[in-house]
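Protein chains get the first letters and strands the later ones, always in sequence-line order, with residue 1 at the start of each. Just so you know, these numbers use all the heavy atoms, side chains as well, and skip hydrogens, waters and symmetry mates.
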Protein chains: 2
Amino acid sequence: MTETTKRPEKRVTVIDVARAAQVSPGTVSNAINGKRPVDSETRARIEKAIATLGYVPNMAARGMRTGRAGTIALFSSMPTAVAAGASKLGFMMEIAASAAQVALRRNVALVLVPPIAAPADALRNVPFDGALLVEPAEDDPFLDLLSARAVPVVGIGAAPRAGMPCIDLHYRATAKLLTEHLLSAGSRSFPLVIGTSARQYYREFEEMYCTILASAGLVPRVIRVDEAHGEEAGAAAVEARLAEDPALDGVLVPVDALATGVMAGLRAAGRNVPRDVRVVTRYDGLRARTETPPLTAVDLHLEEAAERGTLALLDMIEGAETPPVRLLPEPALVLRASSAPE
Amino acid sequence: MTETTKRPEKRVTVIDVARAAQVSPGTVSNAINGKRPVDSETRARIEKAIATLGYVPNMAARGMRTGRAGTIALFSSMPTAVAAGASKLGFMMEIAASAAQVALRRNVALVLVPPIAAPADALRNVPFDGALLVEPAEDDPFLDLLSARAVPVVGIGAAPRAGMPCIDLHYRATAKLLTEHLLSAGSRSFPLVIGTSARQYYREFEEMYCTILASAGLVPRVIRVDEAHGEEAGAAAVEARLAEDPALDGVLVPVDALATGVMAGLRAAGRNVPRDVRVVTRYDGLRARTETPPLTAVDLHLEEAAERGTLALLDMIEGAETPPVRLLPEPALVLRASSAPE
DNA sequence: TTGAAAGCGCTAACAA
DNA sequence: TTGTTAGCGCTTTCAA
């Protein structure tokens, strides 16, 4: 039984390449990674050996040495029902598309973590060097998971915990924009419809809305509906409200899935949008654009938010200090038929 | 200098946990992974030690032993210009959302790889156990990368190379559906507008379109435009065609970015859709839905395609044999105003 | 049910 | 510019 007969075709390793190229494994490594200069002739031999043997570096082993997974994770925690349906995770996916491209330019890949039942379990074997958290709730289950991993985290929206760097999505400015738009379009009696979960997003919207209405001499009215029930909850809420307030002439409903529900409720109640009632929402996604009539919404500059968040995260992973909050351009109104002025 | 004074806070490892729980590292591993039974009392000690020390397993080390990265990658290679713009990678992202959820249920995460300039370089340090390839071109740069990695691959659309398992997106049936729809809606002179790259998608569309038109006694006309030029190319193509054929009364333009361009071209030429010209496209994404008027498109069952593709891939990774082609429900027409019958 | 020990493949420190 | 060597943290035999 000679050496040449050895059967079990093992994985080709640096050692095999080194032997074939008559150099040491360290030199092979340096030829591949360019961390140290390698003589061009030596490099040629190594490259030839790599090609001949069909060597593919073992990422896991490399990761073990370097301490890098080569990936970052994007988490989105919105209640599934809100995210699902027509716009199917649209908000998250819009961020994901940009983040993935930016990260890849720095040789890091983006891992997608949509809302799931048992995150800790599902991610048992999934390595990542850092995380982007999209509009986390304050009791977000992902937060524990991430603090256990002890990796850098950047929030997109607002920081759920003090000290977490984040890309500010300008909740207050957005609320102001929409509330004042309804006012100037002529609405005088319009509730704010938001979800029940604990989110800074809701809190700041509510605060801004109430302040503006009060100073305009109007009565604010906040309706909370369970996002988990999606569109139907939105429809039911607006129908109930119409019964109490037949003079209702607008609805500010930032969550797009609820907005679609509100539209259905108004249709069912025989109200015309925008003639009788104006409706505005926040995220300018598929739902807002394909509603009949299409909904006035807000350009949040999500693409830019994703890019900055990703770059900040990559910097943190590489050990850089990061300013806690990165600024975005101000949100801009996207005017559509649902809130045409009188 | 006592043991308690050791300063450099090192990572907590199985060894530390084992010491604290007074067991061997192997037992800690088994307690965590449940591969071997562990006495419940012992397990309790280990769990306590893990909690106390804040132990987090090192995924890279685990991956090195098990040979699993814990991720799969989703590649999409469509020319950027087509994918970008309003519907920003919509097709890929729709698949991604479903695939990510299905994969996570099997404790595997999805890595997103949108079209990029230097894929081999960008993915240098990114480990994955398998790949989904969305509508690959025949000379797709990702194919080399994947064969170098020697991981299982599943195509979504059609297999670019013989032997690759794939989820069939029914190109022929889709082409038939759209062509016959235009015919039965009353169109008699309608070109097929497709891209210039080498894709099975285009080839099968062309073939089916030509066959049907010929057997209806009509003259097929195929217009190829460079997808990289996006909407403008579509607009220019249809305007040129109108000059040659003023009787043009329909356009079959499967690529949605080109369809948007065709619509713009028709508008510029003063043609009304659908009164003068009917337009139909394939992917029922943001573009089709928000065009004015909205475009007739096809329900490709992308969600189901993504799910089946992902499951097939995971099975392959686990060593199962996979039938080369998985069947999907037949594509279904989504009728919209752009092709209303006479 | 548990322990001891080998070693996965790579990179980085040190030496030459 | 290159070689030598140690060891990252884990799982998995084999033995008890």
| Would you call A/Val151 and A/Phe128 a side-chain contact if the rule is heavy atoms closer than 4.5 Å? | yes
| task | Establish, with yes or no, whether the OP1 or OP2 oxygen of C/dG3 is under 4.0 angstrom from a side-chain nitrogen or oxygen of B/Ser24. | result | yes
| task | State plainly whether the residues A/Arg199 and A/Asp139 are in salt-bridge range, i.e. N to O under 4.0 Å. | result | no
| task | State whether A/Ser29 places a side-chain N or O below 4.0 Å from either non-bridging phosphate oxygen (OP1 or OP2) of C/dA12. | result | no
| said: Without decimals, in angstroms, what is the distance between B/Met64 CE and D/dT11 C1'? | reply: 11 Å
| query | Quick one: is A/Thr42 getting a side-chain N or O under 4.0 Å of the D/dT1 phosphate, OP1 or OP2? | reply | no
| query | To the nearest Å, how far apart are A/Lys35 NZ and C/dC14 C1'? | reply | 17 Å
| task | Using atom CD of A/Gln22 as one end and atom P of D/dT4 as the other, report the distance to the nearest whole Å. | result | 13 Å
| query | Hey, are A/Thr66 and A/Arg68 close enough side-chain-wise for a donor-acceptor pair under 3.5 Å? | reply | no
| Roughly how far, to the nearest 0.5 Å, is CZ of A/Phe75 from CG of A/Leu145? | 5.5 Å
| query | B/Arg65 side chain N/O closer than 4.0 Å to the phosphate oxygens (OP1, OP2) of C/dC8? | reply | no
| field | Check: B/Leu123 and B/Arg149 side chains under 4.5 Å, non-hydrogen atoms | value | yes
| field | Gap between atoms CZ and P, on B/Arg62 and D/dC8 respectively (whole Å) | value | 18 Å
| task | Find the distance A/Asn33:CG to C/dG9:C1' and express it as a whole number of Å. | result | 13 Å
| field | Along DNA chain D (nearest heavy atom to each residue), the more 5'-positioned of B/Val28 and A/Arg45 | value | A/Arg45
| Could you state the CG-P distance from A/Asn58 to D/dC8, rounded to the nearest angstrom? | 18 Å
| query | Salt bridge between B/Glu304 and B/Arg308, side-chain N to carboxylate O under 4.0 Å? | reply | yes
| To the nearest angstrom, how far is A/Arg43 atom CZ from D/dT1 atom C1'? | 12 Å
Identify the pairs formed between an N or O of the protein and an N or O of nucleotides 13-16 of chain D at a distance under 3.5 Å, and give each distance.
from   : atom 1 : to      : atom 2 : distance (Å)
D/dC14 : N4     : B/Arg36 : NH1    : 3.3

| Picking from C/dT11, C/dG9, D/dC10, which would you name as closest to the side chain of B/Tyr55? | D/dC10
| Reckon A/Glu41 touches a base, only the sugar-phosphate, or nothing at all at heavy-atom distances under 4.0 Å? | nothing
| task | Could you state the atom-to-atom distance from CD1 of B/Ile46 to C1' of D/dC10 in whole Å? | result | 15 Å
| query | Less than 4.0 Å between a side-chain N and a carboxylate O, is that true for A/Arg45 and A/Asp39? | reply | no
| query | Looking only at side-chain N and O atoms, does A/Thr27 come under 4.0 Å of OP1 or OP2 in D/dG3? | reply | yes
